[in-house]
Amino acid sequence: MRILIALAAALTVAGATTAQAAAPSALAAPDINVANVQAHLNQFQSIANANGGNRAHGRPGYLASVNWVKGKLDAAGFTTRVQSFTYNGATGYNLIADYPGGDTNNTVMLGGHLDSVTSGPGINDNGTGSASLLEVALQMRATGFQPTKHVRFGWWGAEELGLRGSTFYVNSLSTTDRSKIKAYLNFDMTGSPNPGYFVYSASGQPSGSLALQQRLQAGFTALNVQTELTSVGGRSDHAAFARAGIPVGGTFTGAEGVKTAAQAQKWGGTAGQAYDRCYHRSCDTTANVSTTALDRNADVIASALWATAA
Ligand code: DPN
Ligand code: ZN
């Protein structure tokens, strides 16, 4: 009798385990569809085309980019806010989007800059990070992800003029609100045409950054992609968060730097050539993107978010 009960219990457990394995778990990060990310990039390109060829601070293509991303997030149920600031005699905008739910005392933030330089449409720099973050945000809702922690996204203005938007945002927070942000992940240039696979080094960053670095590395390992650590220092929007003592991390596929022979061996592409030959140029269009790098980084963003906010 006892044995029979134990056997029945074991069968039930086995059945439940099988059912769980067959159905997608609510906790597993989704595989981000790169075609959706590319569709967002096409939208950024169209916005630039319709607005004098760029999406730069103080130009109409920037605000059009903000409004378009905001519309997608509003439709998906995010709580959005446009934060204005002034720089160089022009109004700049940060777009902040909160995913409903989760413990706001334990907030995870992800962000990237939405502005381009004036010389081009800024599709790799930084349509890629912007579009990937948007798609990951939309997939949170689509998959019904209900993390324990609160999740907030930021699309920053005027990065190209000295990290102005992200700095303004961090400075605008009270000490209390700043302390509620437990992690910040930054994505700036994730589809370079001759890509490297770089993860921000936690060395010299606030304590807690190493866990983020390792989570991003694990995301690439799961895709069988080797990575290198890079010290991006103060070159992107994580800098203001790091200065405030918030753990930071991020990924990067390279800008004006040149791919070495050893890197071409492990990643493919062309040694002796820049990761992005169109960096800050008019040719930074939708043609200036590695779909493979874009896809891998979008998947890594999702896996890091699902693991960090769980
Ligand atoms: N932030 C990029 C730029 O505005 O030109 C370059 C960059 C991105 C550098 C990420 C390092 C890391
Ligand atoms: Zn740039």
Side-chain angles (χ1 to χ4, degrees), residues 41 44-45 48 53-59 61-62 65 87-88 92 94 110-133 154-170 184-205 209 212-213 216-217 220 227-243 248-259 263 274-285 288-290 293-294 296-298 300-301 304:
L41 290 180
F44 291 140
Q45 181 73 59
N54 68 68
R55 302 180 303 104
H57 172 72
R59 307 294 182 91
Y62 181 69
S65 299
Y87 183 72
N88 225 359
N94 293 324
L110 302 87
H113 73 93
L114 187 53
D115 65 312
S116 72
V117 291
T118 53
S119 52
I123 298 305
N124 185 38
D125 182 15
N126 181 36
T128 53
S130 295
S132 300
L133 288 165
W155 284 264
W156 312 118
E159 187 269 356
E160 298 289 6
L161 301 177
L163 318 176
R164 305 296 163 182
S166 54
T167 303
F168 184 87
Y169 173 75
V170 173
Y184 174 75
L185 295 171
N186 193 64
F187 300 96
D188 184 0
M189 305 183 74
T190 60
S192 301
N194 186 29
Y197 292 90
F198 299 104
V199 171
Y200 294 8
S201 170
S203 163
Q205 302 293 352
S209 300
L212 300 176
Q213 175 202 304
L216 292 162
Q217 288 172 310
F220 283 110
T227 57
E228 288 184 15
L229 291 177
T230 183
S231 306
V232 292
R235 278 194 68 180
S236 194
D237 295 297
H238 59 290
F241 291 85
R243 256 195 315 279
V248 296
T251 70
F252 177 49
T253 53
E256 76 286 359
V258 172
K259 185 176 274 188
Q263 290 173 335
Y275 303 109
D276 182 357
R277 287 196 288 178
C278 289
Y279 176 62
H280 286 184
R281 297 176 58 199
S282 60
C283 56
D284 186 10
T285 65
N288 187 46
V289 171
S290 158
L294 185 72
R296 288 169 168 175
N297 277 275
V300 168
I301 295 170

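Indexing begins at 1, ligand by ligand and atom by atom, following the structure's order.
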I'd like to know if the Zn ion (ligand 2) has an N/O/S atom from Glu159 within less than 2.8 Å of it, counting both backbone and side-chain atoms.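 Given the 2.8 Å cut-off, Glu159 does not count as a ligand of the Zn ion (ligand 2).
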
Is the distance from the Zn ion (ligand 2) to some N, O or S atom of His113 under 2.8 Å?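 Within the cut-off used here (under 2.8 Å), His113 places no N, O or S atom near the Zn ion (ligand 2).
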
Nearest non-hydrogen partners of Asn186 and Gly112, listed with the distance: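 Between these two residues, the closest heavy atoms are OD1-CA, 4.0 Å.
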
For atom 7 (C) of ligand 1, the protein heavy atom that lies nearest, with its residue and separation: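 Nearest protein contact, heavy atoms only, for atom 7 (C) of ligand 1 is Phe252 CE1, 3.8 Å.
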
What residue and atom, counting heavy atoms only, is the protein's closest point to atom 9 (C) of ligand 1, and at what distance?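 I find the closest protein heavy atom is Arg235 NE, 3.3 Å.
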
Side-chain donor or acceptor of [X] paired with backbone N/O of [Y] under 3.5 Å:
| X | Y | answer |
| --- | --- | --- |
| Asp237 | Gly111 | no |
| Ser209 | Val248 | yes |
| His238 | Val232 | no |

Could you tell me, atom by atom, which parts of ligand 1 come under 4.0 Å of a heavy atom of Glu159?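 Counting atoms of ligand 1 from 1, those under 4.0 Å from Glu159 are 1 (N), 2 (C), 3 (C), 4 (O).
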
Would you mind running through ligand 1 and noting each atom that sits below 4.0 Å from a heavy atom of Tyr279?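 Result: 3 (C), 5 (O), 6 (C).
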
Under a plain distance cut-off of 3.5 Å, with no hydrogens placed, do Gln205 and Tyr200 share a side-chain donor-acceptor pair?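 Checked: Tyr200/Gln205 side chains show no N/O donor-acceptor pair below 3.5 Å.
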
If you measure from each non-hydrogen atom of Asp125 to ligand 1, which part falls under 4.0 Å: side chain, backbone, both or neither?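 Contact part for Asp125 vs ligand 1: side chain (C-beta onward).
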
Which segment of Val232 sits under 4.0 Å of ligand 1 when only heavy atoms are counted: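 Near ligand 1, Val232 shows its side chain, while the N, CA, C and O stay back.
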
From the N, O or S atoms in Asp125, identify the one nearest to the Zn ion (ligand 2).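 The closest N, O or S atom of Asp125 to the Zn ion (ligand 2) is OD2.
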
Should the pair Phe198 and Phe252 be assigned to parallel (<30°), tilted (30 to 60°) or perpendicular (>60°) ring geometry?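 Answer is tilted, since the angle falls between 30° and 60°.
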
To 10 degrees, how wide is the angle NE2 (His280) to the Zn ion (ligand 2) to OE1 (Glu160)?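 Reported to 10°, the angle equals 80°.
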
For ligand 1, is there an atom lying under 4.0 Å from some heavy atom of Phe198?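 Per 4.0 Å heavy-atom rule, Phe198 does not contact ligand 1.
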
Sort out for me which residue in His57, His113, Arg235 forms a side chain to side chain donor-acceptor pair (under 3.5 Å) with Glu159.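 Checked His57, His113, Arg235 against Glu159; only one passes side chain to side chain donor-acceptor pair (under 3.5 Å): His113.
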
Looking only at distances, can you tell me whether any N or O atom of Asp188, backbone or side chain, sits closer than 3.5 Å to an N or O atom of ligand 1?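 So ligand 1 has an N or O lying under 3.5 Å from an N or O of Asp188.
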
Ionic contact status for Arg59 with Glu160, cut-off 4.0 Å: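 So Glu160 does not pair with Arg59 through a salt bridge.
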
